[in-house]
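Report on the structure given below.
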Amino acid sequence: MSAPGRPVLLVIAHGSRDPRHAATVHALVRRVRALRPDVRVETGFLDFNVPSVRGVLESLETEGVRDVVALPLLLTRAFHAKADIPAVLADAPPRLRVRQAEVLGPSPLLLAALERRLYEAGLAPADKSSTGVVLASAGSSDPEASAVIADIAREWRHTGWCAVRPAFASASLPRTEDAVRQLRELGCARVAVAPYVLAPGFLPDRIARGAAGADVLADVLGPSPEVARVLLERYDAARVPVPAAVVA
């Protein structure tokens with residue numbers, strides 16, 4: 001139960017026919033609850049899984065909840081964050097005050113989570129300067145989202161890796177296998193693939209197949225502590241009203 005005055009945090013996930021997706025989302029939400037027991041955290045899905053976002057909102061309204069922060073479980077501001085989720089939230093029960101939080105990325109914490117997964121997969125910090133990394137995302141037809149991935153790759157390169165190349169499982173190029181080949185041609189001693197995705201599913205599986213020529217394949221970000229902390233950062237930013245500008 002949320003402390004008095006704290007909005008309920010509604011985590012909005014896309015949903016998938018792959019059962020690993022929902023299981024990972026629920027594991028992440030459990031970690032968020034453990035970090036902030038004073039915040040009530042609920043989960044809703046846009047498609048394939050239950051409960052639906054609309055169903056959760058209706059249940060909260062019936063309980064008497066009046067204040068909700070809806071947090072898209074997304075790494076970039078693509079179609080779902082710009083269209084799907086606002087449309088669902090616009091149809092929320094009228095007695096609910098619903099604020100949409102920002103998507104998770106970009107964030108230094110997510111870069112830390114990526115490195116955590118690479119080290120868990122077998123790399124060591126001493127390997128950074130000789131290792132090329134493929135930053136492999138699901139991909140989007142939204143040019144803003146693709147540009148963000150390219151920006152993250154450039155930023156991450158400056159932390160000491162031999163090279164970092166973005167790759168996309170759909171919609172954009174290059175594919176993971178192409179980026180792996182580019183890093184080989186560049187002369188990196190080893191190549192690692194870091195999936196910039198939150199949960200397993202169809203596109204992460206495509207990333208994994210494209211990583212066949214790499215030396216290391218990291219796991220998805222999943223319920224890493226850094227991702228949980230980003231969720232709470234976005235929640236706190238959304239629940240605190242932004243002061244109005246002072247006009248001289």
Stepwise salt bridge (charged side-chain N to carboxylate O under 4.0 Å, His left out) check, Asp215 with Arg184: CA-CA 11 Å; Asp215 301 293; Arg184 292 282 187 212; 3.1 Å; yes
ILVMFWY network linking Leu74 to Leu203, side-chain heavy atoms under 4.5 angstrom: no
Side-chain touch Leu232/Val32, heavy atoms, less than 4.5 angstrom: yes
Test item: Ser137 side-chain N/O and Phe168 main-chain N/O as donor-acceptor pair under 3.5 Å: no
Distance, nearest 0.5 Å, that separates CD1 of Ile207 from OH of Tyr196: 12.0 Å
Polar side-chain atom of Arg175 near backbone of Ala167 as donor-acceptor pair, under 3.5 Å: no
Separation between CG of Leu110 and CZ of Arg116, rounded to the nearest 0.5 Å: 12.5 Å
Carboxylate-amine/guanidinium proximity below 4.0 Å for Arg181 and Glu177: no
Side-chain donor or acceptor of Asn49 paired with backbone N/O of Ser16 under 3.5 Å: yes
Minimum side-chain heavy-atom gap Glu120-Asp219 below 4.5 Å: no
Contacts of type side chain to side chain donor-acceptor pair (under 3.5 Å), residue Ser146, not counting sequence neighbours: Ser172
Linked, directly or transitively: Val216 and Val191 (ILVMFWY side chains, under 4.5 Å): no
Arg95 side chain vs Arg66 backbone, donor-acceptor pair below 3.5 Å: no
Cluster overlap Val197 with Val230, hydrophobic side-chain contacts below 4.5 Å: no
Derivation and outcome, side-chain contact (heavy atoms from CB on, under 4.5 Å), residues Ile85 and Leu46: CA-CA 8 Å; Ile85 291 174; Leu46 291 174; 3.9 Å; yes
Positive for side-chain contact (heavy atoms from CB on, under 4.5 Å) with Leu9, one of Thr43, Val68, Val39, Asp236: Val39
Check: Arg239 main-chain N/O paired with Arg99 side-chain donor or acceptor under 3.5 Å: yes
Working for side-chain contact (heavy atoms from CB on, under 4.5 Å), residues Lys128 and Thr159: CA-CA 9 Å; Lys128 288 185 75 167; Thr159 66; 3.5 Å; yes
Val69 with Val227, same ILVMFWY side-chain cluster at under 4.5 Å: yes
Over all atoms of both residues, closest heavy-atom pair of Leu96 and Leu57: CD1-O, 3.3 Å
Leu104 backbone acceptor or donor facing Arg234 side chain under 3.5 Å: yes
Interatomic distance, Thr176 atom OG1 to Arg165 atom CZ [nearest 0.5 angstrom]: 14.0 Å
Reported CZ-to-CD distance for the pair Arg40 and Glu63, which is rounded to 0.5 angstrom: 4.0 Å
Value rounded to 0.5 Å, distance of CG in Asp151 from CG in Leu135: 11.0 Å
Note: Glu226-Arg229 ion pair, threshold 4.0 Å (strictly below): no
ILVMFWY network linking Leu71 to Leu198, side-chain heavy atoms under 4.5 angstrom: yes
Minimum heavy-atom distance between Thr24 and Pro200, given as atom pair plus value: OG1-CD, 3.2 Å
Backbone of Pro223 reached by a side-chain donor or acceptor of Arg31 within 3.5 Å: yes
Minimal non-hydrogen separation, Pro195 against Leu221, with atom names: O-CG, 4.2 Å
Parallel, tilted or perpendicular, as decided by the 30° and 60° cut-offs, for the rings of Trp156 and Trp161: perpendicular
Pairwise distance CG(Leu60) to CG(Leu10) - rounded to 0.5 angstrom: 7.0 Å
Nearest atoms (heavy-atom pairs only) where Gly15 meets His21: N-NE2, 3.1 Å
Minimum side-chain heavy-atom gap Leu231-Leu35 below 4.5 Å: no
Candidate pair Phe45 and Val25, rule side-chain contact (heavy atoms from CB on, under 4.5 Å), full reasoning: CA-CA 10 Å; Phe45 295 90; Val25 171; 4.2 Å; yes
Where Ala101 and Pro72 come nearest, the two heavy atoms and their spacing: O-CD, 3.3 Å
Flag, side chain of Arg117 to backbone of Val220, donor-acceptor distance under 3.5 Å: yes
Residue pair Val56 / Gly44: nearest heavy atoms and the distance that separates them: CG2-CA, 4.2 Å
